[in-house]
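Letters go in sequence order (proteins before strands), and every chain restarts at 1.
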Amino acid sequence: MEKTKICSVFTLTEESHSLKDLTIKRPIAALPFASRYRLIDCTLSSVSAAKIDSVALFIGKSGRSIYDHIRSGKSWGLSGITGGIFTFSQQFYKFSLGMEVGFTEEFYEDLRMFLIRSRARYVFVSGSKTIANVDIKAMREQHVAENAQITRVFSTQKNDYLTMYLLDVDFMLGLIDQAVQEGVFLEATDLVRFYLKKQELTVSNFMYTGYTAVISSLKDYYQANMDMLHTTHFKELFETEIPIITKEKNGSPTYFGKLAQVKSSMIATDCFVRGKVENSVIFRRVDILEKAEVHHSIIMQECVIEEGAIVEYAILDKGVRVAAGSVIKGTPDQIIVISGRQVVEGEWIKEGE
Amino acid sequence: MKHEIIAMILAGGQGTRLGKLTKNIAKPAVPFGGRYRIIDFAMSNCANSGIHNVGVITQYQPLSLNAHIGNGSAWGMDGRNSGATILQPYSSSEGTQFFEGTAHAIVQNMDYIDGLNPEYVLILSGDHIYKMNYELMLTYHKEQEASLTVGVIPVPMEEASRFGIMNTDEHNKIIEFEEKPAQPKSNLASMGIYIFTWKKLREYLTKDVENGQMMEDFGKNVIPSYLEAGESIFAYRFNGYWKDVGTIESLWEANMEFLDGEDELNIRDRHWRIFSQTYATPPQFISETAKISNSMVSDGCLVEGEVEHSILSQRVKIGKNSKIKDSLIMGNVEIGENVVIDHAIIGEGAKIFDHQEIIGELGNIKVVGHGEEVGGNA
């Protein structure tokens with residue numbers, strides 16, 4: 001086992017009902033963010049910056065969107081000669097089965113094997129719904145200096161602990177053994193949190209002062225994207241020593257038409273912007289036609305906003321087409337969500353308070 | 001291991017007519033279209049045509065180019081039985097020899113080609129902007145049982161005297177080659193794209209080396225030799241967009257063509273993507289003081305001023321109240337506040353301080369070199 005090596009375990013099974021349509025076909029971790037990222041990119045980039053080469057992902061359902069995004073893990077340095085990215089899907093099924101027929105130590109086998117085979121000394125355990133840019137190497141230094149059993153991250157901006165922990169692998173394996181004996185069967189993050197609460201442990205709190213967003217609701221998700229339109233937040237997340245890395249797309253530059261009017265917006269590549277865009281987050285390959293208007297909205301990949309259509313306070317999932325002249329008008333408190341590949345015609349207006 | 005076809009990209013030229021833009025980098029490394037470098041077109045065409053072994057012959061100021069090509073992973077050439085190899089002049093027991101011409105560069109790299117043992121060698125220049133499926137040209141070469149197939153493009157007759165012109169018979173067989181003819185007999189210009197059956201080319205090249213002669217140039221030496229000996233040479237016609245951006249004016253024009261509607265190059269066609277080296281770059285941010293019209297903007301840009309009919313490459317910063325018009329701004333350029341840039345090309349990494357004015361006009365595009373600083377305490 002290497003003296004300072006860290007491996008990483010992600011739990012992607014967080015509950016997501018409050019994100020409604022956006023998480024029907026994808027886990028929270030795969031939610032598109034800031035014009036070209038997915039939520040998991042932030043923590044995965046922190047992992048990459050700490051030169052962690054072994055990552056395990058425990059996924060609720062099939063994980064298709066995660067696989068499509070991460071592929072071999074090359075973008076995050078996870079496809080080298082050593083290490084790799086290990087995915088364990090259908091965790092929800094595993095739980096249901098356990099509920100029906102009872103749990104055994106078999107439940108922890110994947111996690112245990114990953115930890116042992118990683119040959120790492122430490123494990124960074126994380127959830128997947130937090131947007132933050134954490135220096136994991138510094139976290140390890142503090143963990144070692146304070147001889148802690150568990151080091152957790154405290155976000156000063158959010159004034160709360162985050163679901164990110166650093167433990168010795170040996171200690172984690174010990175917790176697993178204890179859990180089996182005590183009949184406790186939980187995902188990695190929940191397991192750590194469980195024993196944190198239950199037992200007297202040496203805990204170190206790693207202070208994180210950068211941008212933080214925890215995506216537990218639609219409002220959180222909308223706000224986090226809108227936060228990126230503010231230079232301070234944007235710089236705190238995207239202009240640090242830790243670059244946020246995502247899957248490479250080889251996109252071409254975005255074209256702005258003669259009558260385009262764009263202000264205070266973040267825009268990806270491959271778009272055609274011929275109308276008005278303000279205070280919005282636009283993803284790749286979006287077409288905004290002449291006289292169309294987009295305000296305070298999140299427009300995901302491949303949407304088309306046709307001539308004269310108006311979209312305000314809305315989130316359009318991938319491939320939505322807003323027919324010419326249609327109107328989608330939400331309010332700051334009632335963001336309208338249009339699920340993927342729908343065609344919107346007519347008027348969808350929410351009355352404000 | 002035998003490969004059917006490999007490509008050799010001649011990327012050693014200086015491109016003197018690009019002035020400051022090629023002072024420290026080779027012409028194929030010159031940025032283009034907001035996020036590419038000129039060589040990306042030849043490289044991507046190879047990748048899309050199923051050619052995964054490419055030798056890139058560099059000589060003049062190769063560092064940017066070498067860093068850009070890397071191991072060819074951006075074009076998927078880092079897998080098994082594939083590779084992008086930078087070929088620079090190197091010394092051997094016969095001494096160090098720089099490349100004296102296009103054919104000579106191939107002679108000097110025969111060992112590399114022999115190592116891959118191909119049946120055919122595709123020779124390309126790294127200088128041109130175009131999308132082409134070389135597989136179709138190879139099929140044609142095989143069908144005609146040619147020793148050499150030359151890619152040709154019809155040019156307007158009035159312009160023909162600027163090019164190397166191929167005169168063909170009714171079967172597209174080349175019977176004569178004239179370099180910049182005063183009275184052109186045909187309008188088929190050589191694109192500098194050749195498919196050679198390697199065994200035959202190798203014979204000719206080694207024979208001449210043995211005779212103490214030097215095959216310097218394909219046009220001047222190799223093709224005439226082939227014609228004299230009665231080798232079968234065919235012309236493969238190409239009808240798409242093809243541009244040599246060898247002068248400041250033509251570089252500027254080709255870039256502006258992206259904005260002016262036609263897009264004959266079809267850069268966005270995802271069935272024939274142009275790949276390039278990519279870097280972790282955040283999305284562009286358009287501030288509340290920005291005004292953009294009829295322009296292209298790339299990743300990582302921060303726009304706080306006015307941009308009209310221009311191209312901003314990656315990571316360009318435009319300060320408040322600045323006006324950019326009819327210009328090409330290359331990557332990592334920082335433009336301060338109250339700057340005016342008109343009909344100009346601003347090189348990579350340049351810095352334009354507040355209140356500066358860089359104003360050119362059609363026919364006289366102003367150029368700021370890579371890394372140059374304009375204003376400030378420079």
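The distance from the CZ atom of F238(A) to the OG1 atom of T281(B) is 11.5 Å, given to the nearest 0.5 Å. Note: M266(A) CE to S287(B) OG = 12.5 Å, rounded to the nearest 0.5 Å. Rounded to the nearest 0.5 angstrom, E248(A) CD and S276(B) OG are separated by 10.5 Å.
Of the atoms belonging to S313(B), not a single heavy atom falls under 4.5 Å from chain A. For a residue to count as touching a neighbouring chain, one of its non-hydrogen atoms must lie under 4.5 Å from one of that chain's; by this rule Y36(B) touches chain A with the side chain only. With a 4.5 angstrom heavy-atom cutoff, L302(B) does not touch chain A via any of its atoms. Both the backbone and the side chain of I267(A) come within contact range of chain B, each with at least one heavy atom under 4.5 Å from a heavy atom of that chain.
Partner F256(A) forms a side-chain contact (heavy atoms from CB on, under 4.5 Å) with one of V297(B), N294(B), V307(B), L259(B) and no other, that one being V297(B).
Salt bridge present: D78(B) and K74(A) bring a charged side-chain N and a carboxylate O closer than 4.0 Å.
In terms of heavy-atom pairs under 4.5 Å with chain B, the best-connected choice from A268(A), S75(A), G251(A) is G251(A). Your options are K258(A), E239(A), R284(A), and the one with the most heavy-atom pairs under 4.5 Å with chain B is K258(A). Each of P282(B), G33(B), C301(B) has some count of heavy-atom pairs under 4.5 Å with chain A, and the biggest count is that of P282(B). Of the listed residues S265(A), A34(A), A260(A), the one with more heavy-atom pairs under 4.5 angstrom with chain B than any other is S265(A).
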Next on the checklist: Could you walk me through whether F285(B) and L229(A) satisfy the side-chain contact (heavy atoms from CB on, under 4.5 Å) test, starting with their C-alpha distance in whole Å, then the side-chain angles of each, then the deciding distance to 0.1 Å, before giving a yes or no?
Outcome noted: CA-CA 8 Å; F285(B) 181 74; L229(A) 301 178; 3.9 Å; yes
Next on the checklist: Checking F258(B) against S252(A) for the side-chain contact (heavy atoms from CB on, under 4.5 Å) test, could you report, in this order, the C-alpha distance in whole Å, the side-chain angles of both residues, the deciding distance, and whether it holds?
Outcome noted: CA-CA 11 Å; F258(B) 281 114; S252(A) 34; over 6 Å; no
Next on the checklist: Test side-chain contact (heavy atoms from CB on, under 4.5 Å) on M296(B) and T254(A); report intermediate values, then the result.
Outcome noted: CA-CA 5 Å; M296(B) 272 178 15; T254(A) 279; over 6 Å; no
Item to check | Audit row: R285(A), R268(B), side-chain contact (heavy atoms from CB on, under 4.5 Å) steps and yes/no | outcome: CA-CA 10 Å; R285(A) 299 211 296 280; R268(B) 280 189 178 75; over 6 Å; no
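Open room surrounds NZ on K219(A); 12 or fewer heavy atoms of other groups in view lie less than 6.0 Å from it.
The shortest distance between side-chain heavy atoms of R36(A) and D299(B) falls below 4.5 Å. Between V262(A) and I286(B), some side-chain heavy-atom pair lies under the 4.5 Å cut-off. Side chains of P283(B) and F283(A) form no contact here, defined as non-hydrogen atoms less than 4.5 Å apart. You'll find the side chain of T289(B) stays beyond 4.5 Å of the side chain of K263(A), heavy atoms only.
Pairing each heavy atom of I274(B) with each of N250(A), the nearest pair is O-OD1, 4.0 Å.
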